[in-house]
Q: 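Following this message is one structure expressed as structure tokens.
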Amino acid sequence: MKILCVGAGLSGAVIGRKLADAGHDITIVDARDHIAGNCHTERDADTGVMVHIYGPHIFHTDDAEVWDYVNAFTCFMPYKNRVKTTSRGQVFSLPVNLHTINQFFGRTMRPDEAHDFITQEQADTTITDPQTFEDQALRFVGRDLYEAFFKGYTVKQWGMDPSQLPASILKRLPVRFNYDDNYFFHKYQGMPENGYTPMVAAILNHPRIQLSLSTRFTRDQAAEYDHVFYSGPIDGWFDYDLGRLGYRTLDFERFTYQGDYQGCAVMNYGEESVPYTRITEHKHFAPWESHEGSVCYREFSRLCTPEDIPYYPIRQMGEKALLAEYVTRAEKETGVTFVGRLGTYRYLDMDVTIREALDVAQGFITKDTAPAFAVSPL
Ligand code: FAD
Ligand code: UDP
């Protein structure tokens, strides 16, 4: 069959490759002039540093099949994300762990002592079923740590008070009563040796895949294909005629430095008085390389306008109602499947994106068709 994948990010590339392997003829278009979507990496010409163009991307997963899949296309180097945060004139370790707790409270507690201290003296145990980000933080770490590390950062990141955000956003971050400062808890974690873009290039390298960059898809092109896998924005498919789904976008203020600017890949800034959320120093994502010069990004978050790149779906009540309307309409379309973070308006890590892409492609191979959504966006 003749298949079109809109988007050469992970969603489009993985679906396209699996269907090409099954004998289908695949066209992949992307409006950008490069592949790999938001995971795109590029080596800086002056310093030689591998830069994560759309912000820091660390691969982490518990999914052994996805881990094997990415390792089949590129060499992954060991990498553990260890994030620091600056607040109240000091540098602390994240996610909140025993070091953070002892340093913050000026104590030398052992794990069980710290556990008792946080749960009995800090945590607000009157909150039994936390629904909001704020309640979740107060319930599990208490007001002092919440105000130092989470409140200001979250106001900057999401542009609203944490009392208006769902608890699920904070649930992504663990609290540990030992000195483990690995930001993620997944079994597999690593960084592609030469960045994500060569990995996606290897995925796309198939005689049945035809790639067109700098090519914007419009809906009238769908008729030329037996099926379309669309990883563009779901509201964009309908020309935004019911309005636009809300996103946060990011501005990266790039600067260079001779030497080591901050000694780690990611330094968060917990306080609202510092206008940016974090600084990324890209060379630390490739600790096996050595570079004198350094490339850093100061990261600012703000509401996305039609001219900006949509990064984080906001998914508040209003957006969810609008999304439900688009989903109802999308389900009436035939010959198209909405995939990926924009097509389903969900925050998706790379491993989940790949898992869903493999599954939707497998479903198509089995049935010669696919529904509007393999995973419900609601
Ligand atoms: P995308 O990468 O957005 O690709 C969609 C592509 O479709 C784009 O290239 C776009 O140009 C193209 N497109 C859209 N509309 C059209 C159209 N009409 N015509 C043609 N082309 C079109 N995940 C992790 O696992 N670890 C991390 O550390 C991590 N960090 C992240 C940091 C940031 C700042 C962000 C925003 C995300 C992060 N992610 C991370 C998530 C990761 O970026 C996504 O999982 C992944 O990019 C999703 O791939 P996708 O193909 O669905 O979407
Ligand atoms: N967060 C915070 N302080 C930090 C890091 C994260 O308050 O130093 C909050 C913030 O609201 C963020 C959420 O926790 O959106 C999830 O953090 P994560 O690092 O997973 O953010 P992402 O990778 O989505 O940018």
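All of these numbers come straight from a predicted model, not from anything done at the bench. Numbering of ligands and ligand atoms starts at 1, following listing order.
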Q: May I ask you to check if ligand 2 and Tyr183 share an N or O to N or O distance below 3.5 Å?
A: yes
Q: Looking at Glu356 and Arg346, does any basic side-chain N land under 4.0 Å from a carboxylate oxygen?
A: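 A salt bridge is present here (some side-chain N lies under 4.0 Å from a carboxylate O).
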Q: Would you say Ile169 and ligand 2 have an N/O pair spaced under 3.5 Å apart?
A: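 Ile169 vs ligand 2: no N/O contact under 3.5 Å.
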Q: Relative to atom 35 (C) of ligand 1, which among Met191, Arg248, His57, Arg346 owns the nearest non-hydrogen atom?
A: His57
Q: Just need the protein heavy atom nearest to atom 8 (O) of ligand 2, so name the residue and atom and give the distance.
A: Asn268 ND2, 2.9 Å
Q: List ligand 1 atoms under 4.0 Å from Phe217, heavy atoms only on the residue side.
A: 17 (C), 18 (N), 19 (N), 20 (C)
Q: Just to be sure I read this right, does ligand 2 sit under 4.0 Å from the backbone of Leu94, its side chain, both, or neither, counting only heavy atoms?
A: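 Leu94 to ligand 2: side-chain contact only, backbone stays beyond 4.0 Å.
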Q: With salt bridge (Lys or Arg N to Asp or Glu O under 4.0 Å) as the criterion, how do Glu147 and Arg143 come out once you've worked through the C-alpha distance, each side chain's angles and the decisive distance to 0.1 Å?
A: CA-CA 6 Å; Glu147 289 188 346; Arg143 184 164 295 280; 3.1 Å; yes
Q: Can you find an N/O atom of Tyr311 closer than 3.5 Å to an N/O atom of ligand 1?
A: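 It does not: no N or O of Tyr311 is found under 3.5 Å from an N or O of ligand 1.
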Q: Ignoring angles and geometry beyond distance, decide whether Trp158 reaches within less than 3.5 Å of ligand 2 through its nitrogen or oxygen atoms.
A: yes
Q: With Tyr230, which of Tyr225, Trp237, Phe238 fulfils ring-ring contact (aromatic ring centres under 6.0 Å, His included)?
A: Trp237
Q: If we only count N/O pairs under 3.5 Å, is Ala31 in contact with ligand 1?
A: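 Yes, there is a polar N/O contact under 3.5 Å.
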Q: Please verify the inter-ring angle class for Phe105 with Phe117; under 30° counts as parallel, over 60° as perpendicular, anything in between as tilted.
A: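 Because their plane-to-plane angle is over 60°, the rings of Phe105 and Phe117 count as perpendicular.
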Q: For atom 23 (O) of ligand 2, what is the nearest protein heavy atom, given as residue, atom name and distance?
A: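 Answer for atom 23 (O) of ligand 2: Tyr347 OH, 3.8 Å.
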Q: Please could you name the atoms of ligand 1 that Pro56 approaches to less than 4.0 Å, counting only its heavy atoms?
A: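 Atoms satisfying the 4.0 Å criterion: 28 (O), 29 (C), 30 (N), 31 (C), 32 (C).
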Q: Do His40 and Tyr196 have ring centres separated by under 6.0 Å?
A: no
Q: Looking at Asp25 and Arg208, is any side-chain nitrogen of the basic one under 4.0 Å from a carboxylate oxygen of the acidic one?
A: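 Yes, Arg208 and Asp25 are salt-bridged.
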Q: Is it the case that over 12 heavy atoms from other parts of the model lie below 6.0 angstrom from the NZ atom of Lys2?
A: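 Counting neighbours around NZ of Lys2, more than 12 heavy atoms of other residues, nucleotides or ligands fall under 6.0 Å, so yes.
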Q: Would you please indicate yes or no on a ring centroid separation below 6.0 angstrom for Tyr261 and Phe255?
A: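 For Phe255 and Tyr261, the ring centres are under 6.0 Å apart.
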Q: Any nitrogen or oxygen of Leu170 lying under 3.5 Å from a nitrogen or oxygen in ligand 2? Just yes or no.
A: no
Q: For ligand 2, find out whether one of its N or O atoms is nearer than 3.5 Å to an N or O atom of Tyr312.
A: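 N/O-N/O distance below 3.5 Å exists for this pair.
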Q: Check ligand 1 against Leu250 and write out every atom of the ligand that is under 4.0 Å from a heavy-atom position of the residue.
A: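 Those atoms are 34 (C).
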Q: Hey, does Leu348 come in under 3.5 Å of ligand 1, counting only N/O atoms on both sides?
A: yes
Q: Which atoms from ligand 1 have a heavy atom of Gly37 less than 4.0 Å away?
A: 2 (O), 4 (O), 9 (O)
Q: Run the numbers for me: atoms of ligand 1, each under 4.0 Å from some heavy atom of Gly340, listed by number.
A: 52 (O)
Q: Give me the one residue out of Phe92, Phe300, Tyr276 that meets ring-ring contact (aromatic ring centres under 6.0 Å, His included) with Tyr269.
A: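 Passing option: Tyr276.
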Q: For atom 14 (O) of ligand 2, what is the nearest protein heavy atom, given as residue, atom name and distance?
A: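 Minimum-distance protein heavy atom for atom 14 (O) of ligand 2 reads Leu173 CD1, 3.7 Å.
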Q: What atoms of ligand 1 come within less than 4.0 Å of a heavy atom belonging to Cys39?
A: 47 (O)
Q: Report yes if the distance between the aromatic ring centroids of Phe229 and Phe338 is under 6.0 Å, otherwise no.
A: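 Not close enough - the centres of the two rings lie 6.0 Å or further apart.
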Q: Quick one: which ligand 1 atoms are inside 4.0 Å of a heavy atom on Gly9?
A: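 Per the distance check, 4 (O), 51 (O).
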